[in-house]
Amino acid sequence: MSFKSAALAIVGSAALALASALSPADAQTVKIGFITSYTGQNASVGAMMDQALNLYLKENSKNLPAGVKIEIIRRDDTGPNPEVAKRLAQELITRDRVDILTGVIWTPNAMAIGPLAGEAKTPFLIMNAGTSAIINTSPYVARVSFTLWQSSLPLGQWAAKNNLKRVFVAVSDFGPGIDAQTAFTKGFTEGGGQVIEAVRMPIATQDFAPFMQKAKDAKPDAVFVFIPAGVQATNVMKAYSDLGLAKDNIKLIGPGDITTDEELPNMGDVALGAITMFHYSAAADRPANKAFISAWKRDYGANSWPAFPAVQVWDGMQAIFDAINAQKGKMDGEKTMEFWKGWKFDNSPRGPIMIDKETRDIVQNEYLRRVEKVNGVLANVEIETIPMVKDPWNPLNQKK
Ligand code: PHB
């Protein structure tokens with residue numbers, strides 16, 4: 001060995017020694033990019049998701065492997081704005097070098113992020129957006145929330161079996177609304193029901209009177225509604241009440257976004273009797289849910305209710321923590337995706353859940369619920385369970 005190469009070897013090994021002295025702290029900070037709507041449409045849902053994230057970290061950070069830290073980088077997509085979401089995801093990937101992207105309320109935003117996640121091989125775990133097709137934007141997308149097909153197809157089947165003959169459909173005019181309409185129509189018409197009219201409503205509208213008036217005039221047995229959860233749900237209920245549809249015996253049905261738990265206290269008794277199919281109810285008496293609700297109320301107040309987006313963040317963080325533990329904090333995108341395929345969690349507040357091995361989509365119970373009063377407050381009371389429902393859209397659309 002020449003003097004020069006010996007010197008280089010010494011410098012090299014010193015550098016290596018330095019690197020390994022530094023690496024435990026550096027290499028073992030797992031970076032998570034968390035995108036939600038802190039402002040704009042449905043900022044209340046974004047705030048709830050953030051509360052769930054904080055509660056999860058408070059209760060579970062002790063479960064990380066020794067020496068592994070987690071850094072959450074929060075970003076505001078300002079509502080359904082795919083351009084903003086795309087820019088944020090790009091920055092999180094290239095500048096912040098996150099190990100995992102997550103959050104995301106809105107389908108258009110998730111559609112924009114999916115392909116970027118695929119190019120960068122950065123796992124993207126969806127904590128809300130529910131349009132079935134998002135999962136196919138890249139093999140680096142997995143979902144821990146729900147799909148509209150999962151709830152609306154069985155609700156259509158239930159409606160046909162339960163003496164509803166003619167239904168008026170009103171949905172927000174974007175991905176999840178279109179999925180809800182298509183899935184409900186399939187389940188309902190195959191069971192012998194008739195969709196007498198379907199209308200699409202602007203994504204951001206707060207004025208539902210024109211649509212409810214149309215529904216009332218059509219004299220259906222029920223009106224099926226999808227709107228994004230949040231204050232819009234209360235405004236739907238207000239229009240349904242103001243225009244007297246309940247008095248005309250027109251039932252209100254839909255996926256659980258229309259009776260979202262945190263808004264129920266604002267809706268008033270007109271919500272009583274609304275029938276929804278969904279994957280989570282704050283009123284459920286499963287022990288895991290009781291523990292979740294009591295931790296929530298301890299930290300956020302006796303009158304605060306977590307709804308499905310909070311539980312999706314809670315469970316999503318569990319999937320992320322499990323992946324971190326499996327890799328002892330040394331995160332690899334491909335290994336994370338492999339780990340999530342078939343991942344199971346039996347102790348979710350919503351009941352047992354898993355991520356399907358092939359589709360990377362959530363598999364979970366769907367609950368038929370009716371709004372009733374429990375101890376004087378409105379609640380989505382579970383009355384039937386359909387166990388471990390897979391997204392019905394993917395198999396239907398994979399067939400050539
Ligand atoms: C969606 O954009 O996929 C979405 C948003 C709000 C919901 C449900 C779905 O309540």
Side-chain angles (χ1 to χ4, degrees), residues 35-38 40-49 52 77-82 84-86 102-114 124-137 141-152 155 170-184 200-206 208 224-237 254-264 267 274 276-282 305-313 316 350 361-362 364 366 369 380 391 393:
I35 299 175
T36 191
S37 302
Y38 289 100
Q41 187 177 346
N42 281 16
S44 61
V45 174
M48 189 207 303
M49 290 172 75
D77 63 17
T78 73
N81 292 321
V84 176
K86 191 172 170 186
T102 193
V104 189
I105 297 175
W106 300 100
T107 285
N109 299 11
M111 287 297 237
I113 296 169
F124 172 30
L125 186 64
I126 297 175
M127 288 177 167
N128 189 70
T131 301
S132 289
I134 302 167
I135 207 76
N136 293 342
T137 54
V141 180
R143 175 157 40 203
V144 82
S145 51
F146 62 97
T147 74
L148 275 306
W149 272 87
Q150 242 171 359
S151 55
S152 300
L155 182 60
V171 297
S172 291
D173 192 8
F174 74 123
I178 295 162
D179 273 10
Q181 176 187 343
T182 315
F184 175 81
R200 303 255 170 99
M201 307 179 287
I203 181 172
T205 191
Q206 297 291 352
F208 297 95
F224 170 95
V225 178
F226 168 82
I227 40 81
V231 291
Q232 277 172 303
T234 298
N235 288 329
V236 165
M237 205 56 86
D257 313 69
I258 60 169
T259 58
T260 184
D261 295 303
E262 89 284 15
E263 284 289 327
L264 268 185
M267 289 184 182
T276 54
M277 187 75 79
F278 220 34
H279 55 287
Y280 176 69
S281 164
W305 287 98
F308 66 100
V311 170
Q312 293 157 188
V313 171
R350 61 180 124 162
D361 222 331
I362 184 80
Q364 59 192 340
E366 287 291 328
R369 306 105 45 89
N380 287 301
D391 175 55
W393 177 87

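All values below come from the heavy atoms of this structure, side chains included, with hydrogens, waters and symmetry mates left out. Every number for a ligand or one of its atoms is a count from 1 in the order of the listing.
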* Asked: What orientation do W106 and F174 show, parallel under 30°, tilted 30 to 60°, or perpendicular over 60°?
  -> tilted
* Side-chain donor-acceptor pair under 3.5 Å between S132 and D391, yes or no? -> yes
* Asked: Which residues pass the side-chain contact (heavy atoms from CB on, under 4.5 Å) test with S145, sequence neighbours left out?
  -> I126, R143, Q312
* **Identified side-chain hydrogen bond (donor to acceptor under 3.5 Å, both in side chains) counterpart of T107 within the set T131, N128, D179** => T131
* To do: For the residue pair I113 and V104, establish whether any side-chain heavy-atom pair is separated by less than 4.5 Å.
  => yes
* Parallel under 30°, tilted from 30 to 60°, perpendicular over 60°: which one fits the rings of F184 and F224? -> parallel
* Asked: Any idea which residues sit under 4.0 Å from ligand 1, heavy-atom distances?
  -> I105, W106, T107, N128, A129, G130, F146, F174, P176, F226, P228, A229, D257, F308
